[in-house]
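Okay, structure first, notes after.
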Amino acid sequence: MPELYHVGNIVNTHGIRGEVRVIATTDFPEERFAKDAKLVIDTTPQTNVTVESSRKHKGFTLVKFVGMDNINDVEPFKGHSLNVTEAEQQALDDGEYYYRDIIGLTVIDQHDQKLGVVSEILSPGANDVWVIPRPGKSDVLLPFIKSVVLSIDVASKIAHVDVPEGLIDDED
């Protein structure tokens, strides 16, 4: 069985013509939910679907699957996740990473001190922000920019960073 990668959650149906309301959890929602994209729904057994159409609506992505033309066809998918196989993943350019490559990295600062492990990635706008929890202290919110993130070794699960002065409040 091929490995699956999570790209979204079906949170509800939308209307009576077979659309589902999806919260995208992917770096590439335009590609993942594009016409003819192949997805796998985590039902038992798994359901393979093809995207017929998608559109943005009130913060959600509305997705219609080929051959599912009414609400009764998609109602059983509420609460299930949408996934892609590795074959459906696109190759990334050098210096680009999937979120799954970054989450779990051990972050080492310019003084060879361990800051912690990346627990999640926020996407507030211009650049992503890595969230690094610290026991008994506030989380480090590290911007993913070239001047801060010096190197990433996905195989070793280590990132070396140069923390800008004043970014971390050690008084916590």
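Everything numeric here is computed off the predicted structure, so don't read it as measured data.
Taking 4.5 Å as the limit, some side-chain heavy atom of Ile121 sits within range of a side-chain heavy atom of Ile102. Side-chain contact between Leu167 and Leu142 is present, with heavy atoms from C-beta onward closer than 4.5 Å. Here the side chains of Leu82 and Phe33 are in contact, with some heavy-atom distance below 4.5 Å. Counting only heavy atoms from C-beta outward, the side chains of Leu122 and Asp128 never approach each other to under 4.5 Å. Using a 4.5 Å cut-off on side-chain heavy atoms (C-beta onward), Ile158 and Ile108 make contact. Using a 4.5 Å heavy-atom cutoff, the side chains of Lys38 and Val84 are not in contact. Residues Phe60 and Asn12 fail the side-chain proximity criterion, which asks for heavy atoms closer than 4.5 Å. Counting only heavy atoms from C-beta outward, the side chains of Val11 and Val22 never approach each other to under 4.5 Å.
Listed here is the closest heavy atom pair of Arg134 and Asp139: N-OD1, 4.1 Å. Closest heavy-atom contact between Ala34 and Glu30: CB-O, 3.2 Å. Between Gly67 and Asp73, the closest heavy-atom pair is O-OD2, 4.1 Å. Here the shortest heavy-atom pairing between Ala37 and Arg32 reads CB-O, 3.2 Å. The shortest heavy-atom contact between Thr13 and Glu75 is CG2-OE1, 3.8 Å. Nearest heavy-atom pair across Val149 and Pro143 is CG2-O, 4.0 Å.
Between Phe144 and Trp130, the ring planes are parallel. Angles under 30° get that label, and only those over 60° would be called perpendicular.
Under a hydrophobic-cluster definition in which Ile, Leu, Val, Met, Phe, Trp and Tyr are linked whenever side-chain heavy atoms come within less than 4.5 Å, directly or via other members, Ile10 and Leu62 are assigned to different clusters. Both Ile103 and Val161 sit in one connected hydrophobic cluster of ILVMFWY residues. Membership requires side-chain heavy atoms under 4.5 Å apart, directly or through other members. Connection of Phe28 to Tyr97 is not established within any shared hydrophobic cluster, with ILVMFWY side chains joined at heavy-atom distances below 4.5 Å, either directly or through further cluster members. Tracing side-chain contacts under 4.5 Å through hydrophobic residues (I, L, V, M, F, W, Y), one never reaches Val117 starting from Val148; they form parts of separate clusters. No single ILVMFWY cluster, assembled from side-chain heavy atoms under 4.5 Å apart, contains both Leu105 and Leu92.
Note that CZ of Arg17 and CD of Glu19 are 9.0 Å apart. Values are rounded to the nearest 0.5 Å. To the nearest 0.5 Å, atom CD1 of residue Ile41 and atom OG1 of residue Thr47 are 5.5 Å apart. Atom OG of Ser147 sits about 7.5 Å away from atom CG of Asp162, to the nearest 0.5 Å.
Under 3.5 Å, the side chains of His80 and Asp42 contain a donor-acceptor pair of N or O atoms. Between the side chains of Tyr98 and Gln89, at least one donor N or O sits under 3.5 Å from an acceptor N or O.
Within the 3.5 Å criterion, the main-chain N or O of Asp93 finds a donor-acceptor partner in the side chain of Glu96. Here the side chain of Asp109 pairs a donor or acceptor atom with the backbone of Gln113 at under 3.5 angstrom. Put simply, the side chain of Thr25 gets close to the backbone of Gly8: a donor and an acceptor are under 3.5 Å apart.
A salt bridge links Glu52 and Lys64; the closest N-O separation between the charged side-chain nitrogens and carboxylate oxygens is under 4.0 Å.
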May I have the step-by-step check of side-chain contact (heavy atoms from CB on, under 4.5 Å) for Met68 and Val49, ending in yes or no?
CA-CA 9 Å; Met68 297 184 185; Val49 293; 3.7 Å; yes
Derivation of the side-chain contact (heavy atoms from CB on, under 4.5 Å) call for Val7 and Asn83:
CA-CA 5 Å; Val7 296; Asn83 305 282; 5.6 Å; no
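Surrounding CZ of Arg100 are more than 12 heavy atoms belonging to other residues, nucleotides or ligands, all under 6.0 Å away.
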